[in-house]
Amino acid sequence: FGIPKEVCPWTRDGLNAIRVVLSPSNGVRINEIVGSHLRDTFDSMPPSGTIDLVRLASHTFKPVNAALFGPGNVPDEAEDWFHAFDENLPQLARGVPMKAFDEMVEAYERIVEMFENAIERIQSMKEGILGKYFAPAITERIAVLQGKSKNGGDFSSRTLAQFMVSIFWAPQANTLPMTAWMLAHVLNDRRVYD
């Protein structure tokens, strides 16, 4: 995921911070954001017709990112960046370097830049990050670095942004296929569908 070596000691702590954000006791606001968007999406669909299940599941992309990373921090085109980054991930896991895949490198750089911009915006806010700026995955993950490092968290915004890439990838890589399969099972079971 391109996480810089100097922050690797805190990767597990960063994941644990995200687990706390996603815990049932803290998930109400996230669920409200995602649920509201999905309700609006489904309400805007015609009363009949068909849609590809993967395309339907993709409707989770925007609200999940808004709920985790803050509204406006993940632009619509980031879905294309996610897919370009994700496509060759199995080869990376087998040891092929990312630089072997030009589209993946380009997508990675766009994702990093997206998080650099978001982190700089959040860090510049005087009134804090609550309310409409709620971005729990960003604030909690980078707080780990700021609290645990020897130099008091003096990392560049790029390093902090690179630390965010795996957390951007994970909810999409899991949510999109799981949502598609869940919908397929619901549609295949008449009792559940009814």
Report task. Heavy atoms only: give me the nearest Ser44-Thr41 pair and the separation to one decimal. Result -> OG-O, 2.7 Å
Query raised in the report: Which heavy atom of Gly2 sits nearest a heavy atom of Tyr108, and at what distance?
Result: O-OH, 3.0 Å
Query raised in the report: Hey, are the side chains of Thr179 and Leu53 touching, using non-hydrogen atoms and a 4.5 Å cut-off?
Result: no
**Report entry** Close side-chain approach of Ile3 to Val165, heavy-atom, < 4.5 Å
**Finding:** no
Query raised in the report: When hydrophobic residues are tied together by side-chain contacts of less than 4.5 Å, even through go-betweens, does Tyr193 share a cluster with Leu183?
Result: yes
Query - Minimum heavy-atom distance between Phe168 and Pro171, given as atom pair plus value - result: O-CD, 3.5 Å
Requested in this report: Name all pairs fulfilling the salt bridge (Lys or Arg N to Asp or Glu O under 4.0 Å) condition that reach into residues 56-69, sequence neighbours left out, sorted by first residue then second.
Outcome: Lys62-Asp76
Requested in this report: Return yes when atom CZ of Phe42 has more than 12 non-hydrogen atoms of other residues, nucleotides or ligands closer than 6.0 Å, and no otherwise.
Outcome: yes
Query raised in the report: Okay, side chain of Ser124, backbone of Arg121: is any donor-acceptor separation there less than 3.5 Å?
Result: yes
Report task. Measure the spacing between CZ of Phe163 and CD1 of Ile119 and express it to the nearest 0.5 Å. Result -> 10.5 Å
Query - Criterion side-chain contact (heavy atoms from CB on, under 4.5 Å) on His185 and Val192, from CA distance to verdict - result: CA-CA 9 Å; His185 285 290; Val192 175; over 6 Å; no
Report task. Could you tell me whether the side chain of Trp169 reaches within less than 4.5 Å of the side chain of Ile111, counting heavy atoms only? Result -> no
Query raised in the report: Looking at CD of Glu103 and CD of Glu87, how far apart are the two atoms once the value is rounded to the nearest 0.5 Å?
Result: 7.0 Å
Query raised in the report: If you look at every heavy atom in Ala161 and Glu116, which pair is closest and at what distance?
Result: CB-N, 3.5 Å
Query raised in the report: In Å, rounded to the nearest 0.5 Å, how long is the span from CG of Asn73 to CG of Asn117?
Result: 9.0 Å
Query raised in the report: Which pair of non-hydrogen atoms, one from Val21 and one from Pro136, has the smallest distance, and what is that distance?
Result: CG1-CB, 3.5 Å
**Report entry** Heavy-atom closest pair, residues Glu120 and Ser157
**Finding:** OE2-OG, 2.7 Å
Report task. Treat each ILVMFWY residue as a node, draw an edge where side-chain heavy atoms are under 4.5 Å apart, and state whether Val186 and Met178 are in one component. Result -> no
Requested in this report: Give, for atom NZ of Lys5 and atom SG of Cys8, the distance between the pair rounded to the nearest 0.5 Å.
Outcome: 8.0 Å
Report task. Taking the side chain as every heavy atom from C-beta outward, state whether Pro75 and Trp81 have any pair of such atoms under 4.5 Å apart. Result -> yes
Query - Enclosure of Gln91 CD (heavy-atom neighbours >12, cutoff 6.0 Å) - result: yes
Query raised in the report: Looking at the rings of Phe69 and Phe115, which for Trp means the six-membered one, are their centres under 6.0 Å apart?
Result: yes
Report task. Side-chain contact test, heavy atoms from C-beta onward, threshold under 4.5 Å: evaluate it for Ser166 versus Arg141 and give yes or no. Result -> yes
Query raised in the report: If you measure from CG on Asn31 to CG on Leu38, what distance do you get to the nearest 0.5 Å?
Result: 10.5 Å
Query - Neighbour count >12 (heavy atoms, 6.0 Å) for atom CE, Met45 - result: yes
Requested in this report: Would you tell me whether Asn65 and Gln172 have side-chain atoms, one donor and one acceptor, within less than 3.5 Å of each other?
Outcome: yes
**Report entry** Trace of the side-chain contact (heavy atoms from CB on, under 4.5 Å) decision for Thr60 with Val34
**Finding:** CA-CA 7 Å; Thr60 62; Val34 174; 5.7 Å; no
Query raised in the report: Given Val20 and Glu140, is the side-chain contact (heavy atoms from CB on, under 4.5 Å) satisfied, shown in steps?
Result: CA-CA 9 Å; Val20 171; Glu140 294 304 314; over 6 Å; no
Query raised in the report: Can you find a heavy atom in the side chain of Ile142 that is under 4.5 Å from one in the side chain of Ile122?
Result: no
Query - Ile30 and Leu68, any side-chain heavy atoms less than 4.5 Å apart - result: yes
**Report entry** Student check: side-chain heavy atoms of Val64 and His37 closer than 4.5 Å
**Finding:** no
Query raised in the report: Given Glu109 and Arg158, is the salt bridge (Lys or Arg N to Asp or Glu O under 4.0 Å) satisfied, shown in steps?
Result: CA-CA 10 Å; Glu109 289 300 329; Arg158 178 171 174 83; 3.0 Å; yes
Query - Cluster check Trp181, Leu56: I/L/V/M/F/W/Y, side chain < 4.5 angstrom - result: no
Query raised in the report: In Å, rounded to the nearest 0.5 Å, how long is the span from CD1 of Ile18 to CG of Asp13?
Result: 12.0 Å
Report task. Begin from the C-alpha positions of Met98 and Phe85 and carry the test side-chain contact (heavy atoms from CB on, under 4.5 Å) through to its verdict. Result -> CA-CA 9 Å; Met98 189 187 314; Phe85 179 77; 4.1 Å; yes
